[in-house]
**Student:** 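Dropping a structure here in structure tokens format, bear with me for questions.
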Amino acid sequence: MHTDLPLKESSTDKLGRHIFASEIASGLVKSFKDNNESIVLGINGTWGSGKSTLLNFIINEVEQLSSDIKQDIIVLRFNPWMFSGQKELQSVFLRELVIKLKNNSENLKNVSIKIAEFLEYLNWVNYIHSGAGDAIKYLRNFFKKAGKEKDLNQLKSEIDNILIESKVKLYITIDDIDRLTPSEITEIFQLIKLNGNFANTIFILAYDQKVVETALENQFGENGKKYIEKIVQVDYTLPSISKEDISRLFIDNLNEIFTDEKINKTIKSLNDSIKEEPFIDTFQSLRDIYRYNNSIKLRLPSIINELNVLDFLLIESLRIFNSKAYQFIITNKDILTYKNKTSVNNFHSISTNEQSTEEFIENSEFDLLVKTNLKRLFLIDTSFSLNESTDEELIRAKRVANRNYFDRYFNLQLSNFDIQENVFDNFINKNSIRENEEVLIQIHDKEQIFQFLNWIKIKSKNSEETKHQKIIESILTFSKNLSYTSGIFMGAGSDLSVTLHYTSEMLSNIIELDLRREIIINHLKNNHCFTSFHVADGILYANEKLESNQLYSNDQWHYLFKYEKENDAVFTEKIIEHRNAIAKELFDKILTDSDYLAEDEIRSVLEVVYKNYRKHYEVNFPKLISKDTELVKFLWLSIKRNKMTSVNMTAYQLADYQFFPCFNKEKIKDRIDKFNLDNFDENENKVIALFQNAYSDGFIDKKYYDIETLNEIMR
């Protein structure tokens, strides 16, 4: 943390101020070595420009040079700001001077006594002029002190003689004058006017001339600059800090403030980019740099992985130096954040009724520098160093112009999409497939799987091919934890289907077709679960579309086909082989565990087993419905195969073709007639009742029933 204290050692000088200080100190020591004159020297500079540092350097050099020539000196560093608010800064100053002189050489004890008398005289004069009621009583006590009734000139002459005889040079620095109130600034200059011509005394003042001029003009109603010139014999103006130096000092300090090696590495990798950022023009002094860097030292480490560092640095400059612009961004999130190219936002206006983001910023009340910074953040198609032109690129770069990241910059915490950036980074670059599966399970439990997978696709775009392969294998492995839902054709919209959609898209990042196919084949070979079966089934469906010339680039699994009949046929045969083997294994598992597959999954598997392993199916299907509750379950699966949905209800049909193979309707009827309906729950009784109605009606095609009332809805 930089405390903003002035520098003391020349080794810490970063602006070449020490050379400037050495020249001033050399002139003072040489010029006043052999004479007893007094002088008032002024150091003029803006707030935060390094006046206090220059004072320290000057005094250090004066002490060194005086020692070299065996010149005795006494230094009083007086900072009136430390006594701001106290009455009579003049008295405070003289008391400080008395203490300083008493603590030094023996031959200066007398001068401290004289200055004490000088101080008492001033107190008396001020008291008399105050009009206090006890003035006469005070006068009696004062005049009782023999020898104290001397006029001011006599006292000052005695002080001068002692200083001259002692051959001691007295250096008095008065700093932070521009921090005082206007009345206190006036009092300090009156103090210097009164005491500035002590013999062998050099006053060195540090102030912002414009501030002092204004204060003096308000007090005396005359030209403040001329008033200063009457008191200050020699004036030095601190040279301004160039933009190049500001940029260099900012980067140097930024590289030093973080102790964490990883943060340091990140900052240093961005050094060249930071130098080009327009927000650096906000800094006018070293104090600005230190104030800014102290803030980001506290704020950046906790969120450095969650945000774009360059965006954060710029926004922090607005927060610290222009709170109005900072609030402007927060208030106008919807206007400033990126929308697609059909929108006017972030691009030139395409509507006479709406403003583009550029126009919106241009029409704001801010100066050119602030507008430049705002455009740098939100005009994502400009020529600034961050030149993202799509929402996906903004996500990869974690830019504030993407509304998903926007709130993080102002809350310094994650947004509603509460997934830390290191989770994405580890998923793409570090984790094993097993670790990634666990991550996906946790994300799925938070109902954020689709957004997470979408961001993985975006963020991994430029990754190495081996990392894409790991991501694909991770998603395929995770998919076995998801259930299939056939509510929409081919299960589109279900968690499983959407997850596999991302898997299919990720295949585009694998250059070689043979490697894409190898990834899928290996997964089918090593994972005999329903999702593997579903993957294979989806690939075969894509092949059907290919054969009818209807497989397009946005279709799932199209990246697995070469569009060469013979080549694709060989691949498809392998998929069929694995699909069938998986289906048979799943069929055998539900024989021993009726709940092993979800309802919609069972139907898909049974159809494939019947087609490819008919004898095995015919022998074992009766076992699936041996229990009455299982019979009702498979009746329900048959009914669900054809339904009609409206706003108010869902109606079901039960025609002959809906029954699974080996499902004998007459035998079913006989079993149901013997059921004790009290042994079934409400929903099971609805299924039984609908079957009875459909049986009575002859299992008519396109006849739909309301399952609640059994009324015919339509035919």
Side-chain angles (χ1 to χ4, degrees), residues 417-419 423-424 427-428 431-458 460 468-507 516 519-542 555-557 559-560 575 578-579 581-590 593-609 633 637 640-641:
F417 181 43
D418 192 17
I419 301 175
V423 175
F424 292 107
F427 191 95
I428 295 168
N431 289 353
S432 65
I433 292 173
R434 176 59 188 154
E435 288 170 331
N436 276 350
E437 181 187 8
E438 286 301 316
V439 169
L440 290 172
I441 290 172
Q442 293 171 19
I443 298 296
H444 182 257
D445 289 343
K446 294 180 180 180
E447 299 183 351
Q448 296 175 328
I449 190 67
F450 302 149
Q451 189 170 358
F452 181 80
L453 290 175
N454 189 45
W455 281 36
I456 287 293
K457 182 178 74 172
I458 291 168
S460 64
H468 286 294
Q469 181 174 344
K470 183 188 71 173
I471 292 170
I472 293 168
E473 292 173 351
S474 297
I475 299 174
L476 286 171
T477 301
F478 158 73
S479 67
K480 68 175 183 251
N481 298 284
L482 303 176
S483 297
Y484 169 76
T485 303
S486 63
I488 306 174
F489 183 63
M490 289 298 293
S494 68
D495 286 4
L496 176 60
S497 181
V498 175
T499 299
L500 295 179
H501 166 77
Y502 283 107
T503 310
S504 172
E505 289 296 307
M506 291 295 293
L507 285 170
R516 295 177 196 167
I519 293 169
I520 297 298
I521 294 294
N522 285 339
H523 175 74
L524 299 181
K525 184 187 299 182
N526 299 316
N527 295 273
H528 283 197
C529 55
F530 178 80
T531 53
S532 302
F533 169 85
H534 185 63
V535 167
D537 225 31
I539 294 170
L540 295 177
Y541 174 68
D555 286 327
Q556 193 164 300
W557 306 121
Y559 290 115
L560 291 172
I575 297 297
H578 286 290
R579 193 262 326 246
I582 294 170
K584 183 176 182 297
E585 187 172 325
L586 295 175
F587 179 82
D588 291 342
K589 285 183 178 179
I590 60 175
D593 181 2
S594 60
D595 295 324
Y596 182 75
L597 296 181
E599 291 179 352
D600 292 335
E601 296 172 348
I602 291 173
R603 190 186 72 202
S604 302
V605 169
L606 262 55
E607 291 171 349
V608 172
V609 174
K633 173 183 173 180
L637 291 178
K640 281 176 62 179
R641 296 177 76 175

**Student:** Side-chain donor-acceptor pair under 3.5 Å between Asn481 and His444, yes or no?
**Tutor:**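 No - no donor-acceptor pair under 3.5 Å links their side chains.
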**Student:** Taking all atoms of both residues into account, what is the closest heavy-atom pair of Ile456 and Ser460, and its distance?
**Tutor:** O-OG, 2.6 Å
**Student:** Salt bridge between Lys470 and Glu473, side-chain N to carboxylate O under 4.0 Å?
**Tutor:** no
**Student:** Do side-chain atoms of Glu505 reach the backbone of Tyr502 as a donor and acceptor pair under 3.5 angstrom?
**Tutor:**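 Side chain of Glu505 to backbone of Tyr502, a donor-acceptor pair under 3.5 Å: no, none is there.
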**Student:** Rounded to the nearest 0.5 Å, how far apart are OG1 of Thr503 and CG of Leu453?
**Tutor:** 7.5 Å
**Student:** Donor-acceptor pair, Ser504 side chain versus Trp557 backbone, under 3.5 Å?
**Tutor:** yes
**Student:** Below 30° counts as parallel, above 60° as perpendicular, anything between as tilted: where do the rings of His534 and Tyr484 land?
**Tutor:** tilted
**Student:** Can you tell if the side chain of Ile575 reaches within under 4.5 Å of the side chain of Ile521, non-hydrogen atoms only?
**Tutor:** yes
**Student:** Quick one: ring-ring contact (aromatic ring centres under 6.0 Å, His included) partners of Phe533, sequence neighbours excluded?
**Tutor:**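 Residues passing ring-ring contact (aromatic ring centres under 6.0 Å, His included) with Phe533: Phe530.
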**Student:** Could you tell me whether Lys640 and Glu599 have a side-chain N and a carboxylate O separated by less than 4.0 Å?
**Tutor:** yes
**Student:** Testing the basics here: between Leu524 and Ala536, what is the closest heavy-atom pair and its distance to 0.1 Å?
**Tutor:**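 Heavy-atom minimum between the residues: CD1-CB, 4.1 Å.
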**Student:** Within the structure provided, determine whether Leu500 and Ser479 are in side-chain contact (heavy-atom separation under 4.5 Å).
**Tutor:**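 Yes, their side chains come closer than 4.5 Å.
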**Student:** Working note: Ile419 + Trp455, criterion side chain to side chain contact (heavy atoms under 4.5 Å, CB included); need CA distance, chi angles, decisive distance, verdict.
**Tutor:** CA-CA 11 Å; Ile419 301 175; Trp455 281 36; over 6 Å; no
**Student:** Asn454: what forms a side chain to side chain donor-acceptor pair (under 3.5 Å) with it, not counting sequence neighbours?
**Tutor:**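 Partners of Asn454 under the side chain to side chain donor-acceptor pair (under 3.5 Å) test: none.
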**Student:** Should Leu476 and Asn527 count as side-chain neighbours, where that means a heavy-atom distance under 4.5 Å?
**Tutor:** no
**Student:** Would you call Lys633 and Asp595 a side-chain contact if the rule is heavy atoms closer than 4.5 Å?
**Tutor:**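 With C-beta onward as the side chain, the pair touches.
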**Student:** Could you state the interatomic distance from CG (Asp537) to CD (Glu607), rounded to the nearest 0.5 Å?
**Tutor:** 9.0 Å
**Student:** Report the distance from atom CD1 of Ile471 to atom CG of Asn436, rounding to the nearest 0.5 Å.
**Tutor:** 7.5 Å
**Student:** Where do Lys589 and His528 come nearest, in terms of heavy atoms and distance?
**Tutor:** NZ-O, 4.1 Å
**Student:** Could you go through the side chain to side chain contact (heavy atoms under 4.5 Å, CB included) check for Glu601 and Ser483 one step at a time?
**Tutor:** CA-CA 8 Å; Glu601 296 172 348; Ser483 297; 4.0 Å; yes
**Student:** Donor-acceptor pair, Arg516 side chain versus Tyr559 backbone, under 3.5 Å?
**Tutor:** yes
**Student:** What's the separation between atom CD1 in Ile602 and atom CG in Leu597, rounded to the nearest 0.5 Å?
**Tutor:** 5.5 Å
**Student:** Output all residues satisfying side chain to side chain contact (heavy atoms under 4.5 Å, CB included) with Asn526, sequence neighbours left out; order by chain, then residue number.
**Tutor:** Asn522
**Student:** After noting the C-alpha distance and the side-chain angles of Lys480 and Thr531, does the key distance pass the side chain to side chain contact (heavy atoms under 4.5 Å, CB included) rule?
**Tutor:** CA-CA 5 Å; Lys480 68 175 183 251; Thr531 53; 3.6 Å; yes
**Student:** State the CD1-NE2 distance between Ile520 and His578, to the nearest 0.5 angstrom.
**Tutor:**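 Answer rounded to 0.5 Å: 11.5 Å.
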**Student:** Does one side chain, of Glu438 or Asn431, offer a donor that lies under 3.5 Å from an acceptor on the other?
**Tutor:**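 Looking only at side-chain atoms, Asn431 and Glu438 do not form any donor-acceptor pair under 3.5 Å.
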**Student:** State the CD1-CG distance between Ile519 and Leu507, to the nearest 0.5 angstrom.
**Tutor:** 6.5 Å
**Student:** Provide the closest heavy-atom pair for His523 versus Ser532 in the form atom of the first, atom of the second, distance.
**Tutor:**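 Reported closest heavy-atom pair: NE2-OG, 3.3 Å.
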**Student:** Using side-chain contact (heavy atoms from CB on, under 4.5 Å) as the criterion, point out the one residue from Ile441, Val498, Leu496 that pairs with Leu482.
**Tutor:**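 Among Ile441, Val498, Leu496, the one that satisfies the side-chain contact (heavy atoms from CB on, under 4.5 Å) with Leu482 is Leu496.
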**Student:** How about Phe452 and Phe427: are their ring centres within less than 6.0 Å of each other?
**Tutor:**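 For Phe452 and Phe427, the ring centres are under 6.0 Å apart.
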